[in-house]
Amino acid sequence: MDMGMDKMSMMMPMSFWSGTDLTWLINGWDSTNAGQYTGGLIVTFIVALVLESLVYLRNYTYIKAQIAAIRKTEDLNRDIPRIIVDLSLGSRLLLTVNYILMATLAYCIMLLVMTFNYPILLVLVFGLAVAHFITETIGLP
């Protein structure tokens, strides 16, 4: 059964390598020269920034929803020492959509790392580190 490809074109590298000729996640998103490769690295950096920003947004949304729920419970039950924290449906939906986006981006990042192209790995780690530094500088409420 010949599927139109020889066995050598189907093999993945088993060690880190560097080169500009690769496919970025989906067939058709190829880089064959340095300009396309640099553009792909820039997009990869942005994806890493967005993923870490989504982590921050998820934590921020969760904390804000908890604070709002605590205040609402305090207003209703001034005499009861126990505070029940129940997030609103809107907060839960926002957290769910955020989680779906985070999981999707994380799997895309995993696939990029699995190309074993070390500049991609370095750009991803650098992008995550920069975004983490920025979000830690901003802080949570």
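We number each residue from 1, following the sequence as shown.
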Give the C-alpha distance, both sets of side-chain angles, the deciding distance and a yes or no for side-chain contact (heavy atoms from CB on, under 4.5 Å) between I109 and V47. CA-CA 8 Å; I109 286 175; V47 166; 3.9 Å; yes
Start with the C-alpha distance between N117 and W24, add both sets of side-chain angles, then the distance that settles side-chain contact (heavy atoms from CB on, under 4.5 Å), and finish with yes or no. CA-CA 11 Å; N117 189 300; W24 296 84; over 6 Å; no
How far apart are the C-alpha atoms of Y62 and R58, what are their side-chain angles, what is the distance that settles it, and do they pass the side-chain contact (heavy atoms from CB on, under 4.5 Å) test? CA-CA 6 Å; Y62 187 71; R58 182 169 184 243; 5.6 Å; no
As a quick check of understanding, evaluate side-chain contact (heavy atoms from CB on, under 4.5 Å) for N33 and T20, giving each step before the final call. CA-CA 6 Å; N33 59 39; T20 60; 5.7 Å; no
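No side-chain donor from either of T32 and D21 sits under 3.5 Å from a side-chain acceptor of the other.
Residues A131 and A48 share a closest heavy-atom pair of CB-O, 4.5 Å. The shortest heavy-atom contact between Y56 and I138 is OH-CG2, 3.2 Å.
Here OG1 of T115 is found 4.0 Å from CD1 of I120. Values are rounded to the nearest 0.5 Å. Annotation: the span from K64 atom NZ to S91 atom OG amounts to 11.5 Å, rounded to 0.5 Å. Going from atom OG1 of T44 over to atom CG of L49 covers 11.0 Å, rounded to the nearest 0.5 Å.
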Which side-chain N or O atoms in residues 94-108 pair as donor and acceptor under 3.5 Å with protein atoms at least two apart or in another chain?
from : atom 1 : to   : atom 2 : distance (Å)
T96  : OG1    : R92  : O      : 2.8
N98  : ND2    : L54  : O      : 3.4
T104 : OG1    : I100 : O      : 2.8

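Applying the ring-ring contact (aromatic ring centres under 6.0 Å, His included) test to pairs two or more places apart or on separate chains, those with a residue in residues 112-133 are F16-F116, F45-F126.
Linking ILVMFWY side-chain heavy atoms closer than 4.5 Å, directly or via other members, places L93 and I63 in two distinct hydrophobic clusters. Placement of I26 and Y37 within a single hydrophobic cluster is found when ILVMFWY residues are connected by side-chain heavy-atom separations under 4.5 Å, directly or transitively.
Put simply, the side chain of L22 does not reach to within 4.5 Å of the side chain of W29, judged on heavy atoms.
Shown here is M110, whose CE atom has more than 12 heavy atoms of other residues, nucleotides or ligands within 6.0 Å.
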